[in-house]
**Q** 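Structure incoming, see below.
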Protein chains: 4
Amino acid sequence: MKTLIAVIGDSAPSAETAALAEEVGRLLAREGAVLVCGGLGGVMEAAARGAKSAGGLTIGILPGYDPASANPHIDLPVCTGMGHARNAVIAATAGALIALEGSYGTLSEIALGLKLGRRVVGLGRRESPPGVLPARNPEEAVRRALHG
Amino acid sequence: MKTLIAVIGDSAPSAETAALAEEVGRLLAREGAVLVCGGLGGVMEAAARGAKSAGGLTIGILPGYDPASANPHIDLPVCTGMGHARNAVIAATAGALIALEGSYGTLSEIALGLKLGRRVVGLGRRESPPGVLPARNPEEAVRRALHG
Amino acid sequence: MKTLIAVIGDSAPSAETAALAEEVGRLLAREGAVLVCGGLGGVMEAAARGAKSAGGLTIGILPGYDPASANPHIDLPVCTGMGHARNAVIAATAGALIALEGSYGTLSEIALGLKLGRRVVGLGRRESPPGVLPARNPEEAVRRALHG
Amino acid sequence: MKTLIAVIGDSAPSAETAALAEEVGRLLAREGAVLVCGGLGGVMEAAARGAKSAGGLTIGILPGYDPASANPHIDLPVCTGMGHARNAVIAATAGALIALEGSYGTLSEIALGLKLGRRVVGLGRRESPPGVLPARNPEEAVRRALHG
């Protein structure tokens with residue numbers, strides 16, 4: 001069974017946040033982890049692009065029914081049709097989550113991940129709920145996601 | 001169509017938080033609102049008890065399949081069988097949410113409620129995500145939930 | 001705790017099927033049962049209209065996030081935002097289901113109801129999966145839904 | 001983006017049904033398709049075993065939160081925590097479904113697949129809802145799933 005790590009964050013991120021996401025995706029793929037994300041744009045797309053650039057595998061857990069709604073770097077679109085409730089599937093599917101800057105959707109995924117006992121690592125976030133493990137750079141984020 | 005207001009918070013609350021929840025439930029019922037909650041114990045049960053004490057109607061949106069898992073003050077158990085993804089159903093069903101002290105489950109409901117554009121009022125919380133409307137007492141919480 | 005009975009069937013039914021649904025809704029309300037349905041049109045609306053005409057209470061378990069998508073006879077719109085996965089919530093919430101003529105959505109609800117051990121009564125259906133209890137008229141359907 | 005095909009059927013199948021499932025899994029992998037299934041035992045496990053024996057990739061869409069509940073031939077466990085509502089995710093994620101003998105869970109997946117406009121192919125089934133494409137053997141089932 002493969003190691004599945006989610007990268008979560010804003011669908012309309014700053015350039016800096018997108019660059020962090022892409023680097024995290026790249027490093028996860030180098031470590032042999034499978035990238036899990038929400039399958040759409042912004043952080044989800046940047047992380048998937050990074051993972052593919054390093055030969056990784058990507059899963060996009062989509063809110064709708066159309067696999068074509070996935071960004072072009074998603075290998076495996078999982079169509080939930082469940083709207084925002086798909087955030088719970090992302091949190092549950094991931095062995096650990098790496099959270100970048102994001103808004104309420106990201107916060108819901110962090111909270112659900114922590115509720116489920118998943119490790120949640122924060123990278124480049126101004127503030128996070130208690131229980132989120134801080135990381136100073138993509139390398140540390142990936143290391144903490146994989147090894148605590 | 002009736003006005004549905006959710007009360008969310010800890011399943012093992014302090015006595016003070018439980019008392020606030022019960023008073024909120026009572027006031028909601030007096031205003032003719034239907035109480036929505038997660039159907040289990042703690043804040044969910046206290047709010048439902050309060051609503052019933054004032055002749056209100058209560059809906060419990062349960063994580064499992066067994067209506068008997070609902071607390072004794074639930075009139076209408078909605079069995080989702082969806083585990084924590086039911087938090088999204090609570091957030092979506094409520095026209096507004098009143099959030100008491102809680103943990104990660106509560107935080108996920110707040111985040112999903114805000115994501116969906118539902119009004120979220122915080123009562124007796126040490127801190128809340130931006131976007132949560134503060135209330136100083138149950139009366140204010142109910143007023144803001146119903147009227148902004 | 002109230003008795004919740006679902007009425008399921010086509011969203012574009014024949015006049016005959018709609019009339020059966022309305023009569024079932026009326027009889028359920030007379031028995032004091034709460035009507036559960038998918039909240040939209042066709043059989044869902046006819047059953048809810050019948051229930052309201054007899055002073056009953058109606059719950060609509062909606063696929064989307066907008067309570068205004070419910071038909072005008074729904075008292076309590078439960079917004080799942082989960083698309084067709086909401087069929088599982090209808091099946092699980094109902095103590096028993098009365099199935100009229102319908103298509104694939106109805107069939108999925110029948111199958112999920114039977115999987116969950118809910119009693120499923122068929123009324124006016126050409127054919128049904130094994131396990132569905134036949135009823136010859138609305139009175140019998142309601143009696144079997146409530147009492148087996 | 002890869003082609004995802006679901007194989008669905010009984011969790012306690014006959015030897016004959018299990019052999020069909022394994023052969024279908026093998027053939028799907030040879031065609032380069034990714035196997036989607038419910039991740040547990042019976043038909044789900046046989047199909048995944050077949051896919052792995054031919055070097056394929058397997059996704060298990062699980063009802064619970066524990067990836068270790070997946071059968072040993074699942075590469076990518078998607079933990080929904082949504083119980084039977086995960087059947088809707090299986091149906092929506094699959095570009096097409098191949099249905100073997102099964103019970104109510106299988107029937108719900110067939111119905112949801114047809115509702116969503118997914119192609120559903122029946123193999124070795126005594127009877128199926130209208131709309132299911134019949135196949136006489138695993139080769140035909142895979143061909144119809146992939147090409148209609």
Side-chain angles (χ1 to χ4, degrees), chain C residues 6 8-13 36 38 40-44 61-64 78-94 96-97 99-122 125-133, chain D residues 6 8-13 36 38 40-44 61-64 78-94 96-97 99-122 125-133:
Chain C
I8 60 177
D10 213 321
S11 59
V36 174
L40 302 178
V43 161
M44 304 172 255
I61 299 184
L62 296 164
V78 171
C79 296
T80 69
M82 287 171 33
H84 300 297
R86 75 88 143 78
N87 292 6
V89 180
I90 294 171
T93 295
L97 298 93
L100 286 90
E101 276 291 340
S103 185
Y104 296 133
T106 305
L107 182 59
S108 75
E109 291 163 333
I110 291 172
L112 289 162
L114 292 168
K115 176 77 180 178
L116 288 162
R118 276 26 174 185
R119 204 180 294 136
V120 182
V121 180
R125 292 177 56 81
R126 276 182 297 272
E127 61 178 340
S128 287
V132 174
L133 305 174
Chain D
I8 61 177
D10 211 320
S11 59
V36 173
L40 300 179
V43 160
M44 304 172 254
I61 298 183
L62 296 164
V78 170
C79 296
T80 68
M82 286 169 35
H84 300 296
R86 74 88 141 80
N87 293 6
V89 180
I90 294 172
T93 294
L97 298 94
L100 287 90
E101 275 291 341
S103 185
Y104 296 131
T106 305
L107 182 59
S108 75
E109 292 164 331
I110 291 172
L112 290 162
L114 291 168
K115 177 77 181 176
L116 287 162
R118 275 29 173 183
R119 203 181 295 137
V120 182
V121 180
R125 294 177 55 83
R126 276 182 297 272
E127 59 178 341
S128 287
V132 173
L133 306 173

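Note on naming: letters A, B, ... go to the chains in the order of the sequence lines (proteins, then strands), and numbering restarts at 1 for each one.
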**Q** I need the residue from C/Val89, C/Leu114, C/Asn87 with the largest number of non-hydrogen atom pairs under 4.5 Å to chain D.
**A**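 Top count of heavy-atom pairs under 4.5 Å with chain D: C/Leu114.
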**Q** Please rank C/Ser103, C/Pro130, C/Gly131, C/Ser108 by heavy-atom pairs under 4.5 Å with chain D and give me the top one.
**A**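 The answer is C/Ser108.
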**Q** Contact part of C/Leu116 toward chain D, heavy-atom cut-off under 4.5 Å: side chain, backbone, both or neither?
**A**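 When you check distances to chain D, only side chain atoms of C/Leu116 fall under 4.5 Å.
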**Q** Examine whether an atom of C/Ala111 lies under 4.5 Å from a heavy atom of chain D, and if so say whether it belongs to the side chain, the backbone or both; otherwise answer neither.
**A**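 Contact with chain D is through both the backbone and side chain of C/Ala111.
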**Q** At what distance, to the nearest 0.5 angstrom, does OG1 of D/Thr106 lie from NZ of C/Lys115?
**A**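 Here the interatomic distance stands at 7.5 Å.
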